[in-house]
Amino acid sequence: MTLPIAIILSGRGSNMQAIHRAILSGRLDAEIRLILSDQIAAPGLQYAKQNNIPHAWVEKTLGESREAFDRRLLEKIEASGSSWVILAGYMRILSPVFIRHFSNHILNIHPSLLPAFPGLHAQRQALTAGVKEAGCTVHFVDEGCDTGPIVAQRRVPVLPEDSEDSLSARILEQEHQLYPTCIQWAAEGKLSLEGGKVKILGQNVDNI
Ligand code: GRF
């Protein structure tokens, strides 16, 4: 059954585009019911407009609490009929009210091999630490910052001549493959979170 999803982003939206491409090519059985952004100038919103994907900008008003803002996001997503929420470069931390509402149905992608290097500038953190391998992680979202249960990871080498840009580009290429793959598991009803543990039915995650 086609999975109805909402994507939330703050910027470029290349992961959202990769998800959209995967849908168009038949690799991912999902429908993007809504793209939401907290940033009016997000290039991801432009893409949504050009491609006739339902989209909306939700403005954070001055003095509005995180919960009140998240309730507005939540109402829009509910109205779209989406059953999973996909974070793709969304730069705010979701409040418990939102997370509980979509309990066990929110995914995020992060450009590091979590639990290493959570938060901002993960690729820069990896270079500073001098690690020899980096990568990306798809995980369920909990109330922390990049702390939720891990679904899958892809690894890339860190090369001696790497800059933040070159490493980011190498990781991003993997993100664009990994995220649609994980969402397809959700579409097939294979992916779940039970008692805080990720379950992926019949899937060898070491080999994706
Ligand atoms: C990606 O690196 C993703 O891992 C992180 O934010 C970035 C978003 O990039 N969460 P894009 O907007 O999908 O191009």
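Whatever order the structure lists ligands and atoms in, that order sets their numbers, starting from 1.
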Closest protein heavy atom (residue, atom, distance) for [atom]:
atom: atom 12 (O) of ligand 1; answer: Gly13 N, 2.7 Å
atom: atom 10 (N) of ligand 1; answer: Ile109 O, 2.8 Å
atom: atom 11 (P) of ligand 1; answer: Ser14 N, 3.4 Å
atom: atom 6 (O) of ligand 1; answer: Gly89 CA, 3.6 Å
atom: atom 9 (O) of ligand 1; answer: Arg12 NH2, 3.1 Å
atom: atom 2 (O) of ligand 1; answer: Glu175 OE2, 3.1 Å

Asn15 N/O to ligand 1 N/O under 3.5 Å
yes

- request: Quick one: sort the Trp84 and Phe140 rings into parallel, tilted or perpendicular, breaks at 30° and 60°.
  value: tilted

dist Ile86:CD1 -> Leu34:CG (nearest 0.5 Å) comes out at 12.5 Å

- Quick one: does Pro111 get a heavy atom under 4.0 Å from ligand 1? yes

Going by distance alone, is a donor N or O of one side chain under 3.5 Å from an acceptor N or O of the other, for [X] and [Y]?
X: His176; Y: Ser14; answer: yes
X: Glu194; Y: Ser192; answer: yes
X: Glu173; Y: Gln177; answer: no

Exercise for the section: Output, in order, the C-alpha distance, side-chain angles, deciding distance and verdict of side-chain contact (heavy atoms from CB on, under 4.5 Å) for Leu94 and Leu87. Expected result: CA-CA 10 Å; Leu94 290 167; Leu87 306 187; 3.8 Å; yes

Check your understanding: Are the side chains of Arg66 and Ile93 in touch, meaning some heavy atoms are under 4.5 Å apart?
Key -> yes

Taking only non-hydrogen atoms of His110 and a 4.0 Å limit, the atoms of ligand 1 in range are 4 (O)

